[in-house]
Structure formats: structure tokens, C-alpha cells
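The next block holds one structure in the form of C-alpha cells; read it before the comments.
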Amino acid sequence: MKALSENEILEKLKDFEGWEYIEGALHAIFEFENFKEAFTSMTRIAFEAERLNHHPEWSNVYNSLEIYLSTHDADGVTEKDFELARIIDELIG
Ligand code: H2B
């Protein structure tokens, strides 16, 4: 899968509220009620990531979850990252 150009990424990001393009990846931070809610969402995302065979780079501190999405195999951001971002938004709502 081919990496998208910066212009293509910025154009597509117009439909992804809360996401930005930084450090060569799609980036977002989510705040939850508490750790349990954060971890529950991470578990749901993990199952979808496994189904897609496409995995986030993420860090969790208590009720906060920071996510970076990029395609290592393409050394950039691809459609797969936008697909996973869409699923994450649906899951977190
Ligand atoms: N996840 C992400 N984010 N980028 C990849 O290039 C990638 C992945 N490659 N998950 C997959 C796994 C690859 O390593 C396996 C071997 O298919």
C-alpha cells in the first residue's frame, strides 16, 4: 500500500475531527471518565487492529489515551491508517 502525500493526508483529515498530522503520523488524544473506560476502549480497538492486521502506536496514562497511526511497511500514512482512525472514532464515539 502506497504512502499518501502530505496534501492528500491534510485533505482527508478535514473529515477527522480531533486528528492531526504530526511526526509523519495521524495523531489524536482521547480523554475518558477513568482508567477502566480507557482500557475498555483500548481492548476494543486492539481487537479491530488485529482484525485489520494494522496496529496503533499508543500510550495510556490513567484516563488518557494518545494514539499515533502510520504504516511502517510503507514508511508513511496510508489508507489503512484512515480506516483504523475511522474505526477508533466509531468505537469511542
Ligand atoms: N501495523 C502498522 N501500523 N503498520 C504496519 O506496517 C503493520 C502493522 N504491518 N501491523 C503489519 C502488522 C506487518 O508487520 C505484519 C507482518 O503483517
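All ligand and atom numbering here is 1-based and tracks the order in the structure. Position 1 is the first residue of the sequence, and the numbers go up from there.
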Ala25 versus Ser70, closest heavy-atom pair with distance:
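Closest pair (atom of Ala25, atom of Ser70, distance): CB-CB, 4.0 Å.
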Determine whether the side chains of Glu57 and His72 contain a donor N or O and an acceptor N or O closer than 3.5 Å.
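Side chains of Glu57 and His72: pair found under 3.5 Å.
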Is there side-chain contact between Leu91 and Ser41, with at least one heavy-atom pair below 4.5 Å?
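No, side chains not in contact.
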Output a table of donor-acceptor pairs, distance under 3.5 Å, between side-chain atoms of residues 42-49 and any protein atom two or more places apart or on a different chain; print 'none' if there are none.
{"from": "Thr43", "atom 1": "OG1", "to": "Phe39", "atom 2": "O", "distance (Å)": "2.8"}
{"from": "Glu48", "atom 1": "OE1", "to": "Arg51", "atom 2": "NE", "distance (Å)": "2.9"}
{"from": "Glu48", "atom 1": "OE1", "to": "Arg51", "atom 2": "NH2", "distance (Å)": "2.5"}

What residues, two or more places apart in sequence or in another chain, satisfy salt bridge (charged side-chain N to carboxylate O under 4.0 Å, His left out) together with Glu11?
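Glu11: salt bridge (charged side-chain N to carboxylate O under 4.0 Å, His left out) contacts with Lys14.
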Under the salt bridge (charged side-chain N to carboxylate O under 4.0 Å, His left out) test, residues paired with Lys2 that sit two or more places apart:
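Lys2 satisfies salt bridge (charged side-chain N to carboxylate O under 4.0 Å, His left out) with no residue once adjacent residues are dropped.
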Identify all N/O pairs between ligand 1 and the protein with a separation under 3.5 Å and present them as a table of atom names and distances.
{"from": "ligand 1", "atom 1": "1 (N)", "to": "His55", "atom 2": "N", "distance (Å)": "3.0"}
{"from": "ligand 1", "atom 1": "3 (N)", "to": "His55", "atom 2": "O", "distance (Å)": "2.8"}
{"from": "ligand 1", "atom 1": "3 (N)", "to": "Ser70", "atom 2": "O", "distance (Å)": "2.8"}
{"from": "ligand 1", "atom 1": "4 (N)", "to": "His72", "atom 2": "N", "distance (Å)": "3.2"}
{"from": "ligand 1", "atom 1": "4 (N)", "to": "His72", "atom 2": "ND1", "distance (Å)": "3.3"}
{"from": "ligand 1", "atom 1": "6 (O)", "to": "His72", "atom 2": "N", "distance (Å)": "3.1"}
{"from": "ligand 1", "atom 1": "6 (O)", "to": "Asp73", "atom 2": "N", "distance (Å)": "2.8"}
{"from": "ligand 1", "atom 1": "6 (O)", "to": "Asp73", "atom 2": "OD1", "distance (Å)": "3.2"}
{"from": "ligand 1", "atom 1": "6 (O)", "to": "Asp73", "atom 2": "OD2", "distance (Å)": "3.2"}
{"from": "ligand 1", "atom 1": "9 (N)", "to": "Asp73", "atom 2": "OD2", "distance (Å)": "3.1"}
{"from": "ligand 1", "atom 1": "10 (N)", "to": "Asn53", "atom 2": "O", "distance (Å)": "3.3"}
{"from": "ligand 1", "atom 1": "10 (N)", "to": "His55", "atom 2": "ND1", "distance (Å)": "2.8"}
{"from": "ligand 1", "atom 1": "17 (O)", "to": "Asn53", "atom 2": "ND2", "distance (Å)": "2.7"}

